[in-house]
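Predicted, not measured: the structure shown is a model, and the values here were computed from it.
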Amino acid sequence: MVKDDTRAIDRLRPYGFDPVALERFRIRARDEGIVTEQIAVEPLAPEESVLLPALGSSQRNALIREGAGALRAGQTGVVILAGGMATRFGGVVKAVVQVAEGRTFLELAIASVRALEARSRVTIPVFVMTSFATDALVRAHIGERDLAPASVFPQGASLRLTPEGELFREADGSLSPYATGHGDLPAAMRKSGHLEAFRKAGGRWLVLVNVDNLGASIDPSIVALHRQHGQPITVEAVRAQPGDFGGVIARLGGRAQIVEGLRLPRGFDRSAFPFFNTNTFVVSAEELAEEIDLPYHRVVKVVDGREAIQFERLVGELTGALGTKILEVPREGPDARFLPVKEPQELARRLPNLLERLQVLHSKEPQAP
């Protein structure tokens, strides 16, 4: 390594860079190649999923009242996932991109929580997971936009490798760091001390949402359903549509779980698997406090026109370790909970639906009698 390499690594250490893990990754990058697991998945059993009652129905209103009680008891918090590499949205940190009326993704996500606080007369802890690529800007943005209180902590980081297991270098000769995935959440939140503090204050459940999915926010009715079924995780899912890309929600090893696309055999037939994962969850804080060994997956990226290998873990794979209930939620309309925005052109296309949904989420009027 050269002197500049040492400085680059030192900058990553506050973000959980692990040289021992990097050595394991180097061996795997060289020896594994791209190997697809031959796994056998099955469709869900009927009892493994439940439908969210329609907004305005008596059943939904009853759930809202029950869930509001859990909020008033200080038992539920929100984690906003705002990490990653700031590369998919025109090379900028998506959390601070303006969406509508000068308000940003992160600002709107937190505003949804604050509106629910006003409706329910409660305080809801907000946590934001960043990465080395987004942390400084997100922290500054929270201060500039007066979005506090929000507790910020970073996910992990490592260095990209060549297929031969050597350190990958970008066109200028520098090392190529990357964030190691939102599956870092349990370990990163424990390391930060925020999880322990949340639990000591009476916190029992955390709602996990992506910063770019403004349809998803904490919903008392979903908190109530989570409490009722008693499983450690509730996964929000929508009906799959053509063009959806990624894994499936299925039974594997006798357990309902998210099976990521990179684990599925080539040519896998998705027709028997109707649900698509929204990456929105309710998770038991008690379970997150335990050591859960989520696997790192070998992922191939193209950087400067060359193959680069990185190893990532995914938060959805908590479902492979913990009991899970699948909750079907709306994909369209004022109650839509899956409105992801991955690219700038998608924001323009989705904006009318987003504004309709945000009007509901940001209302301070009670949603149930």
Side-chain angles (χ1 to χ4, degrees), residues 21 24-45 48-49 81 83-85 88 155-156 158 160-161 163 165 178-187 208 210 231-281 283 287-288 291-302 307-328 338 340 342:
R24 292 197 297 267
F25 296 159
R26 292 180 70 163
I27 295 170
R28 289 182 60 186
R30 182 186 66 227
D31 294 348
E32 285 185 10
I34 302 176
V35 179
T36 301
E37 297 178 74
Q38 296 300 308
I39 59 174
V41 297
E42 302 173 343
L44 295 180
E48 290 173 319
S49 66
L81 305 177
M85 289 297 295
R88 293 187 64 183
Q155 65 189 111
S158 193
R160 293 190 176 109
L161 302 167
Y178 71 96
T180 46
H182 44 55
D184 291 340
L185 172 69
L208 314 183
N210 278 358
Q231 296 285 2
I233 301 178
T234 296
V235 173
E236 293 190 29
V238 292
R239 288 283 162 172
Q241 294 180 352
D244 287 339
F245 176 78
V248 296
I249 297 176
R251 300 189 87 239
L252 176 61
R255 185 193 298 276
Q257 59 187 276
I258 298 166
V259 182
E260 299 297 341
L262 50 76
R263 300 180 65 194
L264 298 172
R266 187 168 298 174
F268 178 79
D269 181 6
R270 298 170 180 266
S271 61
F273 302 88
F275 293 123
F276 187 71
N277 169 38
T278 68
N279 214 48
T280 303
F281 311 89
V283 184
E287 297 286 355
L288 289 185
E291 292 283 346
I292 302 173
D293 188 20
L294 295 183
Y296 285 94
H297 293 289
R298 185 185 193 274
V299 178
V300 179
K301 297 286 186 178
V302 176
E307 281 193 358
I309 309 300
Q310 56 192 54
F311 289 85
E312 302 176 12
R313 48 186 176 178
L314 307 169
V315 72
E317 295 206 324
L318 286 169
T319 60
L322 304 174
T324 299
K325 179 72 81 172
I326 309 303
L327 175 64
E328 183 181 350
F338 187 52
K342 300 301 181 185

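Across Phe276 and Ile249, no two heavy atoms sit closer than the pair C-CD1, 4.1 Å. Heavy-atom minimum distance, Val235 versus Thr319: CG2-CG2, 3.6 Å. The two residues Pro232 and Leu322 have their closest heavy-atom pair at CB-CB, 4.0 Å. Taking each heavy atom of Ala179 and Gly84 in turn, the nearest pair found is CB-O, 4.0 Å. Of all heavy-atom pairs between Leu264 and Arg270, the closest is CD1-NH2, 4.2 Å. Heavy-atom minimum distance, Ala250 versus Val41: CB-CB, 3.9 Å.
Residues Asp31 and Arg28 are not in side-chain contact: their nearest non-hydrogen atoms beyond the backbone lie 4.5 Å or more apart. Residues His182 and Leu208 form no side-chain contact, since every pair of their non-hydrogen atoms from C-beta on lies 4.5 Å or further apart. Residues Ile309 and Val300 are in side-chain contact: their nearest non-hydrogen atoms beyond the backbone lie under 4.5 Å apart. In this structure, the side chains of Ile258 and Glu317 stay at 4.5 Å or more apart for every pair of heavy atoms. Side-chain contact between Leu185 and Leu318 is absent, with no heavy-atom pair separated by less than 4.5 Å. Counting heavy atoms from C-beta on, the side chains of Leu314 and Leu294 never come closer than 4.5 Å.
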request  = Please assess Arg26 against Leu161 for the test side-chain contact (heavy atoms from CB on, under 4.5 Å), listing each intermediate value before the final yes or no.
outcome  = CA-CA 7 Å; Arg26 292 180 70 163; Leu161 302 167; 3.7 Å; yes
key: Check against side-chain contact (heavy atoms from CB on, under 4.5 Å), Gln257 and Ile233   = CA-CA 10 Å; Gln257 59 187 276; Ile233 301 178; over 6 Å; no
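Taking the side-chain contact (heavy atoms from CB on, under 4.5 Å) definition, one finds that Ala272 meets it with Pro43, sequence neighbours left out. Partners of Glu328 by side-chain contact (heavy atoms from CB on, under 4.5 Å), not counting sequence neighbours, listed by chain and number: Leu51, Arg239, Phe275. The side-chain contact (heavy atoms from CB on, under 4.5 Å) test applied to Glu291 returns Arg190, not counting sequence neighbours. The ring-ring contact (aromatic ring centres under 6.0 Å, His included) check on Tyr296 picks up Phe25, with sequence neighbours excluded. Applying the side-chain contact (heavy atoms from CB on, under 4.5 Å) criterion to Ala321, with sequence neighbours excluded, gives Ile292.
With values rounded to the nearest 0.5 angstrom, Glu287 atom CD is found 10.0 Å from Gln231 atom CD. We find the CD-CG distance between Gln155 and Asp184 to be 5.5 Å, quoted to the nearest 0.5 Å. Atom CZ of Phe268 sits about 7.5 Å away from atom CD1 of Ile39, to the nearest 0.5 Å. Atom CZ of Phe338 is separated from atom CG of Asn277 by 7.5 Å, given to the nearest 0.5 angstrom.
Side chain of Thr278 to main chain of Glu236: a donor-acceptor pair is present (N/O by atom type, distance under 3.5 Å, no hydrogens or angles). Not a single donor-acceptor pair under 3.5 Å links the side chain of Thr180 to the backbone N or O of Ser158.
Of the candidates His297, Arg160, Lys301, Arg298, Arg160 is the only one forming a side-chain hydrogen bond (donor to acceptor under 3.5 Å, both in side chains) with Gln310.
Note on residues 245-254: pairs passing side-chain hydrogen bond (donor to acceptor under 3.5 Å, both in side chains), not counting sequence neighbours, are Glu48-Arg251.
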